[in-house]
Amino acid sequence: QVQLVESGGGLVQPGGSLRLSCTVSGSTSNSYAVGWFRQAPGKEHEFVAARRWPNGALYYGDSLKGRFTVSRDNAKNTLYLQMNNLKPEDSAVYYCARLLNPISSTIRARERYDTWGRGTQVTVSS
C-alpha cells in the first residue's frame, strides 16, 4: 500500500523560501504522478504542481510557475517543492497525493488522486 508523507512546512516571512518534501513508500505502478495541492482556510484545494513518472513531465498551477519548482530524488523516493518569494496568500496546508495512469487533461484534477498525505502547514507572515 502506498503512503505519502509531507514535511518541511513552517513559519516564514514574506519573501522567504521553504522546501517541502513528499516521501513516497510502498509499491506503485509504472505510470503515475505525484502532485502537490494546497488548501487555505475556507477555500477549495488548489493545484500547485505535479510530476509524472516515467516521462518526468512537470506541471504547475497558474501563476505559481516561476516561484515554485518541483524536483525529485529517486534514491530517496522523494519529491520536493521549492517555494521562493513566498507571499502571505501562499499560507495553506500543503498536501501531496498520487495519481495513477495520469494524462495531461486530468493532472490538475484533485478528485483523480487516490492516495493523500496528511499535509504540512505553511504560514507566511511577518
Can you list the residues that meet the side-chain hydrogen bond (donor to acceptor under 3.5 Å, both in side chains) rule with T120, with sequence neighbours excluded? none

Q1 atom CD, neighbour heavy-atom count above 12 within 6.0 Å: no

Residue pair A92 / R38: nearest heavy atoms and the distance that separates them: CB-CB, 3.9 Å

Do any pairs count as a ring-ring contact (aromatic ring centres under 6.0 Å, His included) and have a residue in residues 96-126, sequence neighbours left out, and if so which ones? F37-Y113, F37-W116, H45-W116

If I compare all heavy atoms of P14 with all of S125, which pair ends up nearest, and what's the gap? CD-C, 3.6 Å

Verify the distance criterion only: is there a donor paired with an acceptor across the side chains of S91 and T123 at less than 3.5 Å? no

Considering residues, nucleotides and ligands other than Q3, do more than 12 of their heavy atoms fall under 6.0 Å from its CD? no

Value rounded to 0.5 Å, distance of OG in S21 from CZ in R72: 14.5 Å

Once salt bridge (charged side-chain N to carboxylate O under 4.0 Å, His left out) is applied, what residue pairs with a partner in residues 107-124 remain, sequence neighbours excluded? R98-D114

Pair listing, disulfide bond (SG atoms under 2.5 Å apart) test, anchored in residues 16-126, at least two apart: C22-C96

Between S104 and R52, the two heavy atoms sitting closest are OG-NH1, 3.5 Å

Assess the residue pair S17 and N84 against the criterion (side-chain hydrogen bond (donor to acceptor under 3.5 Å, both in side chains)); give the C-alpha distance rounded to whole Å, side-chain angles, the decisive distance to 0.1 Å, and a yes or no. CA-CA 4 Å; S17 298; N84 297 327; 2.9 Å; yes

Under a single-linkage rule joining Ile, Leu, Val, Met, Phe, Trp and Tyr whose side-chain heavy atoms are separated by less than 4.5 Å, which residues share a cluster with L20? V2, L4, V12, L18, V24, Y32, V34, W36, V48, W53, L58, Y60, L64, F68, V70, L79, L81, M83, L86, Y94, L100, V122, V124

Looking at CG of D62 and CD of E46, how far apart are the two atoms once the value is rounded to the nearest 0.5 Å? 9.0 Å

Quick note, disulfide bond (SG atoms under 2.5 Å apart) partners involving residues 38-68, not counting sequence neighbours, are none

Please find the pair of heavy atoms, one from D90 and one from N85, that lie closest to each other, and give the distance. OD2-O, 4.4 Å

Just wondering, are more than 12 heavy atoms of other shown residues or ligands nearer than 6.0 Å to CG in N55? yes

Search all heavy atoms of S31 against all heavy atoms of P102 and return the closest pair with its distance. OG-CD, 3.6 Å

Between NZ on residue K43 and CD on residue E89, distance to nearest 0.5 Å: 8.5 Å

Just wondering, are more than 12 heavy atoms of other shown residues or ligands nearer than 6.0 Å to CG in N30? no

